[in-house]
Amino acid sequence: MAALAGCRVDLSVDMVVEPDGTGTITLVVTADAEVVAAVPTLAEELATDDIVAAGWTIDGPTTLPDGGVTITLRHGFSSDAEATNLLNSIGPPFNQMAMTRNTSGEDTTTRLTGLLGLPDGFESFADEDLIAAVGSVPFAEQIAASGATPESSIFAAIRAELPGDVDRDETNGTQLGDDRLEWVAPTDGTILDMRATTVQSPGDDRWWARPLSIIA
């Protein structure tokens, strides 16, 4: 079980919101070669039927040159409510996620919020009904014996491309060079209260955003 200590899983969420409030959410999950070595049948055992039934498209799982495995999931959305539901369906460490859009006068404001983190460590991933059925968190003894921790085993980030100008007073994400905002989820038990606000104005060559956002 010592091999589990070196395992790492990366979770990456990329969200693109168009000026009319529609958009796409892409989730990429990558397990490194150590994870595959510990669970050689990982790719074959991934259950994706429910994911496909929920409307996600899947690319992979694909074996990487270094021996790891990656899988990509995508889902479009047509409203802020649908985007909120999709984000929350991803689960920890992306908690209590919400996207809202409001139009006042000529301006449309887009807000993205959430609580990022794993306050209960690995237990944050376990469903309460599953814990009750099994009696404990699955593989809890093996994880404890390996010395693996969420900090050493998990990296998770969410990036968002939101329409309009960023309100820096209401945004705590890191602004990347391609105009995306990024938040890295803490895995040490703490919680990051993520927030972002952007404002679309007709003078920004987006005069059509207001009527479309109202219709959406």
Please determine whether residues [X] and [Y] belong to a single hydrophobic cluster, defined as Ile, Leu, Val, Met, Phe, Trp and Tyr linked transitively by side-chain heavy-atom distances below 4.5 Å.
X    : Y    : result
L27  : F155 : no
V184 : V13  : no
L64  : V29  : no
L181 : L176 : no
I58  : I90  : yes

**Message:** Just to verify, which of T113, L86, D80 counts as forming a side-chain contact (heavy atoms from CB on, under 4.5 Å) with M99?
**Reply:**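 Per the side-chain contact (heavy atoms from CB on, under 4.5 Å) rule, the option paired with M99 is D80, out of T113, L86, D80.
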Side-chain contact test, heavy atoms from C-beta onward, threshold under 4.5 Å: evaluate it for [X] versus [Y] and give yes or no.
X    : Y    : value
I71  : V69  : no
N172 : W183 : yes
D32  : D66  : no
I191 : P186 : no
D14  : S12  : yes
L11  : V9   : yes
M15  : L112 : yes
V199 : D165 : no

Checklist entry - Would the number of heavy atoms belonging to other residues, nucleotides or ligands and lying under 6.0 Å from CG of D50 be above 12? => result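 No, not enclosed.
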#### Entry: Neighbour count above 12 (heavy atom, 6.0 Å) for E151 CD
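Yes, enclosed.
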State the [atom1]-[atom2] distance between [X] and [Y], to the nearest 0.5 angstrom.
X    : Y    : atom1 : atom2 : result
D20  : S79  : CG    : OG    : 11.0 Å
N95  : L192 : CG    : CG    : 11.0 Å
T24  : E161 : OG1   : CD    : 10.5 Å
D167 : T197 : CG    : OG1   : 5.5 Å

Kindly give the heavy-atom pair with the smallest separation between [X] and [Y], and that separation in Å.
X    : Y    : value
P19  : P163 : CA-CB, 3.8 Å
S89  : W56  : OG-CZ2, 3.8 Å
G117 : A185 : N-CB, 4.4 Å
R101 : E18  : NH1-O, 4.3 Å
A196 : T171 : CA-OG1, 3.5 Å

Exercise. Between E182 and R159, is there a side-chain N and carboxylate O pair less than 4.0 Å apart?
Worked result: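 The answer is yes: the pair qualifies as a salt bridge.
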Exercise for the section: Determine, step by step, whether R111 and E170 satisfy the side chain to side chain contact (heavy atoms under 4.5 Å, CB included) criterion, reporting the C-alpha distance in whole Å, the side-chain angles of both residues, the deciding distance to 0.1 Å, and the verdict. Expected result: CA-CA 9 Å; R111 291 187 174 88; E170 299 295 330; 6.0 Å; no
Assess the residue pair T62 and T70 against the criterion (side chain to side chain donor-acceptor pair (under 3.5 Å)); give the C-alpha distance rounded to whole Å, side-chain angles, the decisive distance to 0.1 Å, and a yes or no. CA-CA 5 Å; T62 302; T70 187; over 6 Å; no
Check step by step if side chain to side chain contact (heavy atoms under 4.5 Å, CB included) holds for V17 and F77. CA-CA 9 Å; V17 183; F77 57 86; 3.9 Å; yes
Just by modelled atom types, is the [Y] backbone N or O under 3.5 Å from a matching donor or acceptor in the [X] side chain?
X    : Y    : result
T110 : T198 : no
T48  : I51  : no
N102 : T109 : no

Report the C-alpha distance between L115 and D193 in whole Å, list the side-chain angles of each, state the deciding distance to 0.1 Å, and finish with yes or no for side chain to side chain contact (heavy atoms under 4.5 Å, CB included). CA-CA 5 Å; L115 300 178; D193 185 0; 3.8 Å; yes
